[in-house]
Structure formats: C-alpha cells, structure tokens
Chemist: 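One structure, as structure tokens, below. Some questions next.
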Number of protein chains: 2
Amino acid sequence: MKISSAESVIMEALWRKQPLTSEAIIAEVGEPNGWTEGTVKQLLSRLVKKKAVGATPDGRRYQYAPLVARGDYVAAESQGLLDRLFDGRLAPLVTQFSDAGKLSDQDIAELKALVERISK
Amino acid sequence: MKISSAESVIMEALWRKQPLTSEAIIAEVGEPNGWTEGTVKQLLSRLVKKKAVGATPDGRRYQYAPLVARGDYVAAESQGLLDRLFDGRLAPLVTQFSDAGKLSDQDIAELKALVERISK
DNA sequence: CTCCATCGATGACGTTTGTCAACGATGTGA
DNA sequence: TCACATCGTTGACAAACGTCATCGATGGAG
C-alpha cells in the first residue's frame, strides 16, 4: 500500500527511533506539524492497517515500529521519480541540479569522490 | 497549484509537442493509459483551471499549451524528493542508487564525465 | 470498589484525485 | 435549413487524504 505524505512524517519519526509509543510519536511530530493528538493517532491507525507499521502490545498500550525499511521506501520513491521525470537515468537528474545551480562545492566534492569509488 | 499524477501525464504530452488540440491529446494519452475521452477532457479542464495549461481559441476548439515549463516542474519535484528523503543533499541519493545496484556502466560513465565537467 | 486518566478504535467531514458520462452550444454537410 | 458530429463544461461518484473529536475499554490511585 502507498504511504501518503502526512503518513511519511510518522514513518520518519519511527525510522529515527523505534519502537515508540503513540505518546512519544505525538510528542515528536505533533507540535512541529501543528497536528493534534487525534490527527497523529489516525495517521498511526492507517499505517498499521496498511501494514507499514507494526503494533506490539505492551501492557495497555502498543509499541509501534516500522514494518517497511526506510531503504526500501527511499529506493522506491527515488526510482519512481527517476522513471517519471528522467527516463530512468541518473545522469540527467544530476545535470538538472547542476544547471539549476543547486550544487554546493561540497556536493560536487562528494559526488566526485563517490564516482571515483564507484567506477573502480 | 499542485499537478497531480494523472494530470502530469497530460503535461508530459504537451511538453513533448505543443500546442495540441484535445483530440490530439486524447489520441496521445488515452489508449496507453486506458482512459476514455471524458477522463482526458476532465484532466485537461482541471489543468486549465489550475493555470498549468493555457487554452487558446482556434475556431470552434482550443489549442492547449503548457503554461509551466517542464524544467520548473522537474526542478521542484526533484528538490522536493531530495529535501524529503536525503536531507537536501545529492550525494546520498546517488549512493542510494549505487548501493541498490541500479547503476549501469553507462550511468557510471555518464556521471563520471558529468562530474569532471562540473568540477572545473 | 470507584473514579479518573489514557489508549486505541471509530466516526466524521471537507478536499483532492481518478474516472466517466451527459449536456448544451455550435459548426457543417446534405 | 436541419440533422448530426464534435467541443468544452459540468455533474457525478468512489476512493484517498488531511484533520479532528468522540467513545468504549481498561488500568491505576485513592
């Protein structure tokens, strides 16, 4: 099932630290996003129903933990963007950032080192 | 306004060739996506309302053309992904594809050439 | 044992999206 | 001129999404 934009905020919290109680999650993402307790609970429920998050009973409450790895999610999202906008190829994406002047010197240095390492 | 996923298919057609009549657009994207005439018309209407597409009267019909540049759209989408998933930095994104074994030799060669060019 | 706080479940509601059909205006061929 | 084909507009409707409140169960404090 697809993870929506608001839901992904919850996922990020869980990927950062896991497991968490709903209380902890609310503390983590409620304020920064202007969400009430009810909103976060609903998002959590939907994620559990989607099997993106697991809920382990712990006394009267649950401990929540991601069931999908961040890496898998990130890979799917990235591949999706690449396919949709760049014909599945990586170089044009990098070109796009370069052309847009969005690459810092550090970015370029990192890329350079990275390509060095990969290409051997 | 935000361009939805289905709407972006129409946009891609218009970015490829412009202007187009609704008939041409339907011919272009209808079949491949399993959309009826009505569906494409509705998507077009919404894009016009969103000011993402312009409609110039041409006799009894319109000539449709994009009002947003593909480059702007691509830049925004790419930046969004980078910010959401890679802390705004490009190198980790490239690493992700590398780690996932999604880079062909050609990709690597292109990247290498690209980085060469950029870094000077 | 009773009352209260808290948790998860559920209902609710407006908006967006995906999908399609019906309608009214209008140009055109017979 | 009249019937038909075609265009854009609009209505419709289910599903997903964003957002929030209410409710029933239950565990713990007094």
Side-chain angles (χ1 to χ4, degrees), chain A residues 1-14 18-68 73 76-77 80 84, chain B residues 1-14 18-68 73 76-77 80 84:
Chain A
M1 206 89 71
K2 192 85 183 84
I3 293 172
S4 81
S5 158
E7 286 162 1
S8 77
V9 173
I10 311 282
M11 295 303 294
E12 289 291 347
L14 285 172
Q18 127 205 189
L20 291 177
T21 63
S22 65
E23 187 191 1
I25 297 175
I26 291 167
E28 187 83 14
V29 306
E31 172 74 34
N33 293 91
W35 288 339
T36 70
E37 191 181 311
T39 299
V40 177
K41 284 184 184 177
Q42 175 65 284
L43 291 173
L44 252 179
S45 291
R46 288 180 184 166
L47 284 168
V48 170
K49 183 173 312 172
K50 287 184 185 181
K51 312 248 195 244
V53 163
T56 308
D58 173 26
R60 206 167 82 70
R61 48 171 76 190
Y62 285 130
Q63 294 288 345
Y64 295 96
L67 288 183
V68 307
Y73 175 75
E77 293 283 308
R84 275 195 308 119
Chain B
M1 208 89 73
K2 192 85 183 85
I3 293 172
S4 82
S5 160
E7 286 162 1
S8 77
V9 173
I10 311 282
M11 294 304 294
E12 289 291 347
L14 286 172
Q18 128 205 185
L20 291 178
T21 64
S22 65
E23 187 190 2
I25 296 175
I26 290 167
E28 186 84 12
V29 307
E31 173 73 33
N33 292 91
W35 289 339
T36 70
E37 191 181 311
T39 300
V40 178
K41 284 183 185 178
Q42 174 66 285
L43 292 174
L44 253 179
S45 291
R46 289 180 183 167
L47 283 168
V48 170
K49 183 173 313 173
K50 288 183 185 182
K51 312 247 196 246
V53 164
T56 308
D58 173 26
R60 204 168 83 69
R61 50 172 74 190
Y62 284 131
Q63 293 289 344
Y64 295 95
L67 289 184
V68 307
Y73 176 74
E77 292 283 307
R84 273 195 309 119

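Below, read A as the first sequence line, B as the second, and so on, with proteins coming before strands; counting in each chain starts at 1. What you see below is based on every heavy atom in this structure, not just the backbone, and it leaves out hydrogens, waters and symmetry mates.
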Chemist: Any pair with a residue in residues 45-54 of chain B that passes side chain to side chain donor-acceptor pair (under 3.5 Å), sequence neighbours left out, goes on the list, sorted by first then second residue, please.
Modeler: B/Glu7-B/Lys50

Chemist: Taking CE from B/Met1 and P from C/dT15, how many angstroms apart are they, rounded to a whole number?
Modeler: 13 Å

Chemist: Using a cut-off of under 3.5 Å, enumerate the N/O to N/O pairs linking the protein to nucleotides 20-27 of chain D.
Modeler:
| unit_1 | atom_1 | unit_2 | atom_2 | d |
| --- | --- | --- | --- | --- |
| D/dC20 | OP2 | A/Thr36 | N | 3.4 |
| D/dC20 | OP2 | A/Thr39 | OG1 | 2.9 |
| D/dC20 | N4 | A/Gln42 | NE2 | 3.3 |

Chemist: Take the protein atom CG of A/Asn33 and the nucleotide atom P of D/dG18, then report the distance between them rounded to whole Å.
Modeler: 11 Å

Chemist: Between D/dC17 and A/Lys50, is there an OP1 or OP2 to side-chain N/O distance shorter than 4.0 Å?
Modeler: yes

Chemist: CG of B/Leu44 versus P of C/dG18: gap in Å, rounded?
Modeler: 14 Å

Chemist: Taking all non-hydrogen atoms of both residues, which atom of B/Ile3 and which atom of B/Ala52 are closest, and how far apart?
Modeler: CD1-CB, 4.1 Å

Chemist: With B/Glu77, which residues qualify under salt bridge (charged side-chain N to carboxylate O under 4.0 Å, His left out), at least two apart?
Modeler: A/Arg84, B/Lys2

Chemist: What is the distance from NZ of B/Lys2 to C1' of D/dG18, rounded to the nearest Å?
Modeler: 16 Å

Chemist: Would you give me the side-chain donor-acceptor pairs under 3.5 Å for residues 23-37 of chain B, sequence neighbours excluded?
Modeler:
| unit_1 | atom_1 | unit_2 | atom_2 | d |
| --- | --- | --- | --- | --- |
| B/Glu28 | OE2 | B/Arg16 | NH1 | 2.7 |
| B/Thr36 | OG1 | B/Gly38 | N | 3.3 |
| B/Thr36 | OG1 | B/Thr39 | N | 3.4 |
| B/Thr36 | OG1 | B/Thr39 | OG1 | 3.3 |
| B/Glu37 | OE2 | B/Lys41 | NZ | 3.1 |

Chemist: Atom CD of B/Gln63 to atom C1' of D/dC7: distance rounded to whole Å?
Modeler: 13 Å

Chemist: Could you go step by step and tell me if A/Tyr62 and A/Ser22 meet the side-chain contact (heavy atoms from CB on, under 4.5 Å) rule?
Modeler: CA-CA 7 Å; A/Tyr62 285 130; A/Ser22 65; over 6 Å; no

Chemist: May I ask you to list the residues of residues 20-32 of chain A, by number, that have any heavy atom positioned under 4.0 Å from an atom of DNA chain C?
Modeler: A/Ser22, A/Glu23

Chemist: In whole angstroms, how far is the C1' atom of D/dG18 from the CD1 atom of A/Ile10?
Modeler: 12 Å

Chemist: To check you understand the geometry: which heavy-atom pair defines the closest contact between B/Tyr64 and B/Leu14, and what is its length?
Modeler: O-CD2, 3.5 Å

Chemist: On DNA chain D, does the nearest nucleotide to B/Ser45 precede the nearest nucleotide to A/Ile3 from the 5' side, or the other way round? Give the residue.
Modeler: B/Ser45

Chemist: Name the residue from A/Val48, A/Leu43, A/Val68 that meets the side chain to side chain contact (heavy atoms under 4.5 Å, CB included) definition with A/Val53.
Modeler: A/Val48

Chemist: With sequence neighbours left out, what residues match B/Pro19 under side-chain contact (heavy atoms from CB on, under 4.5 Å)?
Modeler: B/Gln63, B/Ala65

Chemist: Given side chains that start at C-beta, do those of A/Pro66 and A/Tyr73 come closer than 4.5 Å, heavy atoms only?
Modeler: no

Chemist: If I take atom NZ in residue B/Lys49 and atom P in nucleotide D/dG11, what distance separates them, rounded to the nearest angstrom?
Modeler: 9 Å

